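To start, the structure itself, in structure tokens.
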Amino acid sequence: MSAGPHPFPHCARTARDLAAFQEFYEEHRDALVLYAQGIAPYHDYAAIAAEALFVLWRNWTAIKGNRLAWTKKVAHNRACSALRRARELPVEPDERDQPLWSAVVSAEDHYEMRTALQQLTKLPREQFLALLLPWFGCSPAEVADELGVRPSTVRRYRAEARKKLAAMGRGPSSGGGNR
């Protein structure tokens, strides 16, 4: 055994670190698997969660903030990479292939929806996610964990996003129409 540098310098090495990581693993592994499944349902989401936990273990002592939010971000990045590498659609569609909203019935509805989505993408990332993630069933606490902030900050992001959308003419208080 060589006395050279450790290949993962921030890896947990003490018994206390190992115990803390094991507790984190047991508490959050299943939720991370479900999180990865939600992002990349046709990929090996268990492996994506396992990779995220491995990266967490390698960097255990270097992470000073919210380890769950950090690990979810790693899982998100791994899932997005898997989606980018995929070249073909799944053979058997299931209920996750259904659209999030009903079919557009008119050209005006289609235009309205498209312009609203374009304006949403102009928002800062935090405000965009604070508005979007609750549509997918995330609670304010889960959104806060994802963004690495407190729930009160998520509420502030949502209020700021609504004001910006209203100023763009597409917010809930805008009244619509050409002005």
Side-chain angles (χ1 to χ4, degrees), residues 1-98 100 120-121 123-161:
M1 182 150 171
S2 71
H6 194 277
F8 306 119
H10 300 295
C11 186
R13 295 189 193 141
T14 67
R16 186 177 1 185
D17 287 340
L18 177 60
F21 176 78
Q22 287 175 332
E23 181 180 338
F24 180 93
Y25 180 89
E26 291 172 8
E27 184 176 344
H28 300 291
R29 183 202 175 270
D30 293 339
L32 284 168
V33 170
L34 289 173
Y35 180 74
Q37 181 183 13
I39 299 170
Y42 300 107
H43 297 276
D44 190 355
Y45 40 86
I48 291 169
E51 286 176 23
L53 288 164
F54 176 72
V55 173
L56 172 68
W57 170 249
R58 280 194 340 213
N59 295 287
W60 186 260
T61 60
I63 302 166
K64 301 299 180 201
N66 183 337
R67 287 187 170 123
L68 178 59
W70 190 93
T71 308
K72 280 186 169 182
K73 186 65 177 174
V74 172
H76 180 269
N77 291 342
R78 299 288 168 131
C80 289
S81 294
L83 289 169
R84 277 192 292 276
R85 287 189 305 267
R87 302 224 180 230
E88 55 188 300
L89 294 174
V91 176
E92 306 245 352
D94 64 10
E95 69 277 356
R96 291 176 286 209
D97 294 321
Q98 300 303 316
L100 296 175
L120 278 175
T121 60
L123 294 173
R125 178 185 177 274
E126 294 83 9
Q127 293 175 5
F128 175 76
L129 290 175
L131 283 178
L132 184 68
L133 291 177
W135 290 355
F136 294 102
C138 293
S139 70
E142 291 171 327
V143 175
D145 280 345
E146 174 66 26
L147 296 174
V149 297
R150 293 181 296 185
S152 61
T153 306
V154 171
R155 287 190 294 274
R156 183 173 51 86
Y157 286 159
R158 293 187 74 180
E160 290 170 358

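Just so it is clear, the model here is predicted, and its values are computed rather than measured.
The minimum heavy-atom distance between Ala144 and Pro151, with the atom names listed, is CB-N, 3.6 Å. Residues Ala69 and Gly148 share a closest heavy-atom pair of CB-CA, 4.1 Å. Of all the heavy atoms in Leu123 and Ala161, the pair that sits closest is CD1-CB, 3.8 Å.
Within the structure, salt bridge (charged side-chain N to carboxylate O under 4.0 Å, His left out) contacts touching residues 30-57 (residues at least two apart or in different chains) are Glu51-Arg78. Pairs engaging residues 149-159 under the salt bridge (charged side-chain N to carboxylate O under 4.0 Å, His left out) rule: Arg156-Glu160 [sequence neighbours left out].
From Asn66, atom CG reaches atom NZ of Lys73 across 13.5 Å, with rounding to the nearest 0.5 Å. Expressed to the nearest 0.5 Å, how far CH2 of Trp60 lies from CG of Asp17 amounts to 7.5 Å. Within the model, atoms CG of Leu32 and NE2 of His76 stand 13.0 Å from one another, a figure rounded to the nearest 0.5 Å. Interatomic distance, OG1 of Thr71 versus CZ of Phe54, reported as 13.5 Å (0.5 Å rounding).
In terms of the side chain to side chain contact (heavy atoms under 4.5 Å, CB included) criterion, Ala50 has no residue partners (sequence neighbours excluded). With sequence neighbours excluded, the residues that form a side-chain hydrogen bond (donor to acceptor under 3.5 Å, both in side chains) with Glu146 are Tyr35. For Arg67, there are no side-chain hydrogen bond (donor to acceptor under 3.5 Å, both in side chains) partners at least two apart in sequence or on another chain. Taking the side chain to side chain contact (heavy atoms under 4.5 Å, CB included) definition, one finds that Leu129 meets it with Arg125, Leu133, Leu147, sequence neighbours left out.
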Residue pair Tyr157, Val149: steps toward the side-chain contact (heavy atoms from CB on, under 4.5 Å) verdict: CA-CA 11 Å; Tyr157 286 159; Val149 297; 4.1 Å; yes

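Looking only at side-chain heavy atoms (C-beta outward), Val74 and Leu56 stay at 4.5 Å or farther from each other. Within the 4.5 Å cutoff, the side chain of Trp57 has heavy atoms near those of the Leu18 side chain.
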Show every donor-acceptor pair shorter than 3.5 Å between a side-chain atom in residues 21-29 and any protein atom, with sequence neighbours excluded, or say none if there are none.
{"residue": "Tyr25", "atom": "OH", "partner": "Arg29", "partner atom": "NE", "Å": "3.3"}

